Structures are given as structure tokens and as C-alpha cells.
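First the proteins, then the strands, lettered A, B, ... as listed; each starts at 1. These numbers were taken from a predicted model, which means no experiment stands behind them.
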2 protein chains.
Amino acid sequence: MKLSSRSEYGLRAMLELARTYGSGPMALADIARAQGMSEGYLEQIIAPLRRAGLVLATRGVKGGYVLASAPSSVTAGQIIRALEGPLDLIECASEDSAEASCRRELGCGSRRLWIKLRDSILDVLDSTTLADLCPAAPIGETAKPSRVGALASE
Amino acid sequence: MKLSSRSEYGLRAMLELARTYGSGPMALADIARAQGMSEGYLEQIIAPLRRAGLVLATRGVKGGYVLASAPSSVTAGQIIRALEGPLDLIECASEDSAEASCRRELGCGSRRLWIKLRDSILDVLDSTTLADLCPAAPIGETAKPSRVGALASE
DNA sequence: TGGAATACCTACCAATCTACTAGGGATTAT
DNA sequence: ATAATCCCTAGTAGATTGGTAGGTATTCCA
């Protein structure tokens, strides 16, 4: 069970933008260099993030990308979904498909497991924000509603 | 983010064996027919399950496969691991590799998320047994230590 | 003793996905 | 005008997926 590097790269790019949040647009080439990834590939990865409204792009000489909202209000779930589509581990446990399309699940059911797994994954992804990952925040505590507003300290 | 059908097929095959647990060996062709999958493909999927010691095979005319232990003591985690190898979402968050090999994770860290995600997944997989999935057990409660011994009711 | 039924093994295959590279076009500050 | 930037499409080598095909080994049973 593996995660494609799209998500890894995408998340790292978003973390880079979170780290420099407030300092104006950052060029694609700079993000790629800072994170050690292929510029051309990152370009294809950041495109869906822009289409999903998670980053804003400005063209031209001093252009680049900025986060569309504060790091504390961008969740990992938004990023992963933008990059990999809806989280469906398996046909019958898709995030958005109606569960009506599933036969064979009368007695013994594998589906029960995939649903539990999916919910567990979504719980982590949707409760973790960029702000949770970026500053030296205490590990193990993420998305505390009482701490909204904590940004990157740089 | 998807799960390969290896895991789905493997789990379904194991659930089929759990359902008929106690009735002697079940032939590969019967498992495949009962679950509607390709016989040849299932053969390749059940092989690692046998090598991992999760099922026992007997050859010859009345041969087939049986679970190596009771459904209540076989976890989904054992099955998935046998089929997909150790759970490493990403290089730096592998289940068994030492975390020493990870650079770049000084300030902002995506790794923190993958570790949390991995732990969350492992928690679900390792706490769900075939017995939890097979009978009409109440959903949402799995691997209760006080209910060890509950088998398939057929 | 000789099928027949089963597990077991290896190789092959088409389609898809992954992680890129290449090359060009559109937009904007200077 | 020019250079820097975003934006788009197409190609591509290698891996993975989801199988199929065909043979070998073992065991029950008549």
C-alpha cells in the first residue's frame, strides 16, 4: 500500500508556501529548488491545486504562487483530494458514491473494513492543517479548534 | 488514493474461508466461484497468504485451503501485509524502516502527517479480525478482546 | 494401478499508471 | 521589447495491475 508521490510533492509544495506565507508570490522554480523536485513535474502537480482554489497564481515577471488562505485553514484532506480525486479505496467504499451500488455484501463483508479504514484516513486528513505541520508545533495534537490563527512563525 | 484489488480479493477469499471455517478444506475453484473472481488470479493471490502461514493447503482430490487459525485471531493487518508488503505510504514513513534515513524534515514536515496517517491505518487494520467482519456483528465495534472465540455461525 | 482432482509454479500479456521531459503559448513587470 | 513567469499539451520509459496459459507435483479413490 503506497501513496503516489503526487501527494507527497503537492503537500511539500504547499508547506513551502505556508512557510513563506505573507512574503508575496513564490515562483515555481523556487518551490521546486527549495524542495528538490523536478520543475516540470511540479508544474503538473500544482495545476490541480490551483484549479481547486487552494493556491493563487500571478503571471509575469514577479509572479508566482501564494496560498489562497491561511495555513491554519488549509487541510491535508483538501490537498490530497485535489491531487488524487475522491478517496475511494475500493469501488464500494468511495467517498462520494452512493452505497447502493454494492451487491454481494449480505453476509460476510469486506466493505465494512474499507469504510472504517476510509473514515479513519479522512479523520486524520481533514483534521490536519498546514499550520499543524509547518511550525514546530507539538506533535500528536492537530487541528485544535481553539488554536485557529496560528500561522507560520517565519 | 486507491487500494489494489489484490487486497480486496485476498480479504474476500479469507472471509469465504472464515465463513466455512470448520467444514474442511475448500478448493480454490470454489472460493473463486463463490466470490466471483478469476481462478488463476486468485491462485496468485492466495500463494502469499499460504507463505505467510495464514492459510493451510492440502493437495489431492479432496484438497483445498483452510484458515490456519480461527477467524477471531486473524487480523486484516496480517492479510494486507502478506499481500502488499509492509505498509509504507512514503519512503520516510515506512512501517519497519528506521526513521534515520530522512533528511529535509527540519522545519516544515510532511512526514509528520504520513506517520499519523500510517498509525491510524495500522490501528484499524490490526484491530479488525475476520470474525469482526464475517458474522452479523454490530458494526463499529471490532476486535473486542472479551469476545474472542466467536466464529462464523454457519 | 491409473485417473482425476487438486495445489503449485513460471512465463507471458495488454492496459494503465507513474514520474517525468520537451516544447510551445499567454501574460505581465520593467 | 524583453525577460520572467504561468499555462497547456503531448510524448515516454519503466513499473504495476489484473489477468491468461500451460505445465508439474501430489493425493484420493475406484
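Between A/Arg50 atom CZ and D/dC6 atom C1' the separation is 8 Å, expressed in whole Å. Put simply, OH on B/Tyr65 is 13 Å from C1' on C/dA5, counting in whole angstrom units. Whole-Å rounding puts the B/Leu28 CG to D/dT27 P distance at 18 Å. Here the P atom of nucleotide C/dT18 and the CE atom of A/Met37 are 17 Å apart, to the nearest Å. Atom CG of A/Leu17 and atom P of D/dC6 are 11 Å apart (whole Å). In this structure, A/Ile45 places its CD1 atom 8 Å from C1' of C/dA19, rounding to the nearest Å. Between B/Leu42 atom CG and C/dT6 atom P the separation is 14 Å, expressed in whole Å. Rounded to whole Å, the distance from CZ on A/Arg33 to P on D/dA4 is 13 Å.
Within the 3.5 Å criterion, the main-chain N or O of B/Tyr41 finds a donor-acceptor partner in the side chain of B/Ser38. A/Gln78 places a side-chain N or O within donor-acceptor distance of the main-chain N or O of A/Thr75, the cut-off being under 3.5 Å. Counting only distance, with no hydrogens or angles, the side chain of A/Ser73 and the backbone of A/Ser69 share no donor-acceptor pair below 3.5 Å. Within the 3.5 Å criterion, the main-chain N or O of A/Ser23 finds no donor-acceptor partner in the side chain of A/Thr20.
Mapping B/Arg51 and B/Gly63 onto DNA chain C by nearest heavy atom places B/Gly63 closer to the 5' end of the strand.
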Per-nucleotide protein contact string for nucleotides 21-30 of chain C, where B marks a base within reach and S marks sugar-phosphate only (heavy atoms under 4.0 Å, - for neither): B----BBBBS
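No hydrogens or angles considered: nothing links the side chains of B/Thr129 and B/Ser72 as a donor-acceptor pair under 3.5 Å.
Between A/Glu16 and A/Arg12, no side-chain nitrogen of the basic residue sits less than 4.0 Å from a carboxylate oxygen of the acidic one, so the salt-bridge criterion is not met. The existence of a salt bridge linking B/Lys116 and B/Asp119 is excluded, since no basic side-chain nitrogen approaches an acidic carboxylate oxygen closer than 4.0 Å.
Taking only side-chain atoms of A/Ala27, from C-beta outward, the nucleotide of D/dC6, C/dA7, C/dC9 with the closest atom is D/dC6.
Residue B/Tyr9 has no polar side-chain atom (N or O) positioned under 4.0 Å from OP1 or OP2 of D/dT17.
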